[in-house]
There are 2 protein chains.
Amino acid sequence: MSITSDIIRGHTEAIILSSLLEQDSYGYQINKDIMKKTNNAYELKEATLYSAFRRLEQAGCIRTYWGDETVGARRRYYAITEDGRKAYQGYKQEWQEAKEIIDKLLK
Amino acid sequence: MSITSDIIRGHTEAIILSSLLEQDSYGYQINKDIMKKTNNAYELKEATLYSAFRRLEQAGCIRTYWGDETVGARRRYYAITEDGRKAYQGYKQEWQEAKEIIDKLLK
DNA sequence: AAATATACCTCATCTGTCAAGGTATATATT
DNA sequence: AATATATACCTTGACAGATGAGGTATATTT
């Protein structure tokens with residue numbers, strides 16, 4: 001991983017929500033998707049991922065249910081809620097604004 | 001201010017170095033410049049600013065000297081060092097990469 | 001005399017990240 | 001049969017940057 005945690009900080013929840021917009025998924029898979037999308041340039045640390053899940057659930061942005069796997073490890077699935085979709089739109093807007101601001105400041 | 005601290009987090013040092021690339025300056029002025037450049041969309045909190053100065057000096061990225069004001073409040077000036085210029089290039093590169101990665105992830 | 005602007009600073013607290021540890025199942029290798 | 005690897009979940013404590021709240025001092029405006 002090349003990108004530092006302080007730069008990505010604050011985007012974790014948006015990244016997770018973005019992934020859940022595509023389809024319900026579970027922690028391990030979400031992280032694999034992130035790696036694939038970024039050509040292995042970025043991955044979430046597990047502890048970061050799970051603490052973000054807790055915050056998102058607490059905030060009502062996601063809901064969770066256990067998968068019905070009969071073989072292999074159990075999977076806890078996450079689904080984005082309506083509040084989560086709204087929150088995502090806010091995060092996206094913030095990102096667009098932040099990009100502009102930082103671009104102006106780093107000349 | 002609209003941008004949240006967690007999104008700007010990690011950019012503080014780069015923003016200060018960028019300002020010092022233009023000319024030597026002091027805390028109060030640097031913050032005023034940031035506000036002006038961003039049309040008041042962003043300003044550093046004083047405590048954030050000064051803790052960043054400490055880190056930058058510790059890391060050898062800036063050096064400091066007192067202004068010779070005969071009237072008004074004293075000013076502590078900061079100048080970017082050669083190491084600071086190098087660090088800035090690194091920060092800028094990181095920002096370009098981070099932008100790409102986050103843009104890929106927030107669809 | 002009081003308020004505002006300039007200009008510096010410290011300290012305690014908060015929050016997201018993450019290293020390090022753990023549990024359990026299934027498959028591939030030795 | 002034992003070991004390693006991959007999948008899949010989780011918790012805890014520590015760290016570091018950001019910040020609210022407080023402080024000091026000078027000069028100007030009301």
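Note on naming: letters A, B, ... go to the chains in the order of the sequence lines (proteins, then strands), and numbering restarts at 1 for each one.
Within 4.0 Å of A:Arg75, counting heavy atoms only, lie sugar-phosphate atoms of the nucleic acid but no base atom. Heavy atoms of A:Glu46 sit under 4.0 angstrom from at least one base atom. B:Ser5 comes within contact range of the sugar-phosphate backbone alone, with a heavy-atom separation under 4.0 Å but no base atom that close. Using a 4.0 Å heavy-atom distance criterion, B:Thr48 is classed as a base contact. Residue contacts shown for B:Arg76 are limited to sugar-phosphate atoms, with no base heavy atom under 4.0 Å away.
Of the residues in residues 10-36 of chain B, those lying under 4.0 Å from DNA chain D by heavy-atom distance are B:Gly10, B:Thr12.
Within the structure, a side-chain polar atom (N or O) of A:Arg54 is placed less than 4.0 Å from OP1 or OP2 of D:dC10.
The A:Ala73 side chain lies nearest to C:dA24 when the options are C:dG16, C:dA24, C:dA26. Checking C:dT17, D:dT19, C:dA7 against every side-chain atom of A:Arg9, the shortest atom distance belongs to C:dT17.
Note that CD1 of A:Ile15 is 12.5 Å distant from NZ of B:Lys107, once rounded to the nearest 0.5 Å. We find the CG-CZ distance between B:Asp68 and B:Arg74 to be 14.5 Å, quoted to the nearest 0.5 Å.
Look at CG on B:Leu44: it is 8 Å from P on D:dA18, rounded to the nearest Å. Whole-Å rounding puts the A:Glu69 CD to C:dA24 C1' distance at 14 Å. The interatomic distance linking A:Asp6 (CG) with D:dA18 (P) rounds to 7 Å, in whole Å. Going from atom CD1 of B:Ile7 over to atom C1' of D:dT19 covers 17 Å, rounded to whole Å. When the P atom of D:dC10 is taken as reference, atom CG of A:Leu49 falls 9 Å away, rounded to whole Å. Atom P of nucleotide D:dT7 and atom CD of A:Glu43 are separated by 12 Å, given to the nearest angstrom. The OH atom of B:Tyr50 sits 24 Å away from the P atom of D:dA16 (whole-angstrom rounding). The separation between A:Leu56 atom CG and C:dG16 atom P is 11 Å, rounded to whole Å.
Applying salt bridge (charged side-chain N to carboxylate O under 4.0 Å, His left out) to B:Asp103 and the options A:Lys92, A:Lys99, A:Lys37 leaves one that passes, A:Lys99.
Using bins of under 30°, 30° to 60° and over 60° for the plane-to-plane angle, the ring pair A:Phe53/A:Tyr78 lands in the parallel bin.
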A:Ile30 vs A:Ser19, test: side chain to side chain contact (heavy atoms under 4.5 Å, CB included). Steps then yes/no.
CA-CA 7 Å; A:Ile30 289 170; A:Ser19 182; 4.0 Å; yes
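Using a 4.0 Å cut-off between a side-chain N of Lys or Arg and a carboxylate O of Asp or Glu, A:Glu13 and A:Arg55 qualify as a salt bridge.
With a 4.5 Å cut-off between side-chain heavy atoms of Ile, Leu, Val, Met, Phe, Trp and Tyr, the cluster of A:Tyr77 takes in A:Tyr26, A:Tyr28, A:Tyr65.
The nearest heavy atom of DNA chain C to A:Arg74 and to A:Ile8 marks one nucleotide each, and the one closer to the 5' end goes with A:Ile8.
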